[in-house]
Amino acid sequence: MIFNQTAFVAREHGMQGALKDEKFNALFGMFDTQGQGYLSQEGFRQFTDTVTELAPSHDTENVAAMRKAFGKWWELLLPSGGTVADARIGQQEFVDVMRSNVTSPGNLQEAVLDIADALMRALDTNGDGMLSKGEYLRIYTHLGIDPAHCGDAFRRLDRDGDGAISHDEWRTALTEFYLSDDASAPGNWLLGPLASTVA
C-alpha cells in the first residue's frame, strides 16, 4: 500500500477545520438568540447587552470595555469592515469570517480577548484575580448554557487544580477555543462539551 501524503495532509486539515467550524457554529447559535439563521447589528447588540449584564451595575469601566470590543467584532464580521446597520451575516459566512479575519492575532485580541479580560474582571467580585466555580457558573446560567456541564468545564480550565481559574488559565482557554485544532485542548470546554470532545 502506497502512503499518499497529500491525501493524508488534506484529510488532517479537514478534520482540524471541522473542529473549528463546530466551535464557531456553536458560537453562532449562541449569538443568534432569536433563531433567525442570521446575525443583525440589532441582534448582536442584544447579545452584547446580555453579556454586559453579568457585570455589577456600578462597573461602568468593564461594561464599556466589553461594548467596545463587541463593536470591533461586529465590524470585523462585515464584508467591508464597515458598520452597515441593515447587514445580515449568515451562519456559514460567520464561520468563514471567524476563521479568516476575527481570529487573526491582532483582531483576536481586540475583539475577543478584550471581552474576556473585561468579563473576568467583572465576574471577579471579590477582586482576587481569579474565577471561582461559582463566578464561572454565572456565565452558564446567564447565557443559557446547561449548568450540568459547568463542573467538567471548570475542572479542565483549572489546569493547576487549585480550585480557581487564574487570568492566565482564562486567556489560555479562550485562545484554545478560538485557535486550537486539538480536540483534547481544555479550552474547547469553555462553553460546555462539543460533540468532538465527548465522542
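These numbers were taken from a predicted model, which means no experiment stands behind them.
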Checklist entry - Do the side chain of Ser180 and the main chain of Phe177 share a donor and acceptor less than 3.5 angstrom apart? => result no
Item to check | Backbone of Gln41 reached by a side-chain donor or acceptor of Trp74 within 3.5 Å | outcome: no
Checklist entry - Closest heavy-atom contact between Asp158 and Ile165? => result N-CG1, 4.3 Å
Item to check | Single-linkage hydrophobic cluster, 4.5 Å side-chain cutoff, Leu78 and Tyr38 together | outcome: no
Checklist entry - Taking Tyr140 for the side chain and Gly192 for the main chain, is one N or O donor matched with an acceptor at less than 3.5 Å? => result yes
Checklist entry - Considering only heavy atoms from C-beta outward, does the side chain of Met98 approach that of Val95 to under 4.5 Å? => result no
Checklist entry - For the side chain of Ser40 and the backbone of Arg88, is there at least one donor-acceptor N/O pair under 3.5 Å apart? => result no
Checklist entry - Is it true that Val63 and Leu123 fall in one hydrophobic cluster, defined by side-chain heavy atoms closer than 4.5 Å? => result no
Item to check | Close side-chain approach of Tyr178 and Leu113, heavy atoms under 4.5 Å | outcome: no
Checklist outcome for this item: Nearest heavy-atom contact between Ser166 and Met120 is C-CE, 3.6 Å
Checklist entry - Around atom CD of Glu61, are there more than 12 heavy atoms of other residues, nucleotides or ligands at under 6.0 Å? => result no
Item to check | Leu39 side chain reached by Asp32 side chain, heavy atoms, under 4.5 Å | outcome: yes
Checklist outcome for this item: Distance col, row Asp59:CG vs Thr125:OG1, nearest 0.5 angstrom, shows 11.0 Å
Checklist entry - Does the distance from a Lys or Arg side-chain N to an Asp or Glu carboxylate O, for Arg121 and Asp124, drop under 4.0 Å? => result no
Checklist entry - Can you say whether the rings of Phe154 and Tyr136 are parallel (under 30°), tilted (30 to 60°) or perpendicular (over 60°)? => result tilted
Checklist entry - Looking at Leu194 and Ala26, what are the two nearest heavy atoms and their distance? => result CD2-CB, 4.4 Å
Next on the checklist: Below 30° counts as parallel, above 60° as perpendicular, anything between as tilted: where do the rings of Phe70 and Phe31 land?
Outcome noted: perpendicular
Next on the checklist: Distance check, rounded to the nearest 0.5 Å: Thr50 atom OG1 versus His142 atom NE2?
Outcome noted: 5.5 Å
Checklist entry - Are Phe47 and Trp73 close enough that their ring centers fall under 6.0 Å? => result no
Checklist entry - Backbone N or O of Asp160 within a donor-acceptor pair of the Glu169 side chain at under 3.5 Å? => result yes
Checklist entry - Between Lys23 and Glu176, what is the shortest heavy-atom contact and its length? => result NZ-O, 3.2 Å
Next on the checklist: I'd like to know if Arg45 pairs up with Glu42 as an ion pair, taking the criterion as any Lys NZ or Arg NE/NH1/NH2 lying under 4.0 Å from an Asp or Glu carboxylate oxygen.
Outcome noted: yes
Item to check | Heavy-atom side-chain proximity of Leu108 to Leu174 below 4.5 angstrom | outcome: no
Item to check | Nearest heavy atoms of Asp117 and Gln109, plus distance in Å | outcome: OD2-NE2, 4.3 Å
Checklist entry - Please walk me through it: do Asn188 and Leu19 pass side chain to side chain contact (heavy atoms under 4.5 Å, CB included)? => result CA-CA 9 Å; Asn188 292 330; Leu19 175 59; 4.2 Å; yes
Item to check | Same apolar cluster (I L V M F W Y, side chains within < 4.5 Å links), Trp170/Met130 | outcome: no
Checklist entry - So, for Pro147 and Leu137, which heavy atoms are closest and what is the spacing to 0.1 Å? => result CB-CD1, 3.8 Å
Checklist entry - Is Leu191 close to His149 at the side-chain level, that is, under 4.5 Å between some pair of heavy atoms? => result no
Next on the checklist: Go through it in stages, so that I can follow the logic: the residues are Leu77 and Phe44, the test is side chain to side chain contact (heavy atoms under 4.5 Å, CB included), and I'd like the CA-CA distance, side-chain angles, deciding distance and then a yes or no.
Outcome noted: CA-CA 11 Å; Leu77 290 174; Phe44 204 74; 4.1 Å; yes
Item to check | Residue pair Arg155, Asp152: steps toward the side chain to side chain contact (heavy atoms under 4.5 Å, CB included) verdict | outcome: CA-CA 5 Å; Arg155 177 173 54 81; Asp152 277 345; 3.5 Å; yes
Checklist entry - About how many Å separate CG of Leu76 and OG1 of Thr103, when rounded to the nearest 0.5 Å? => result 10.0 Å
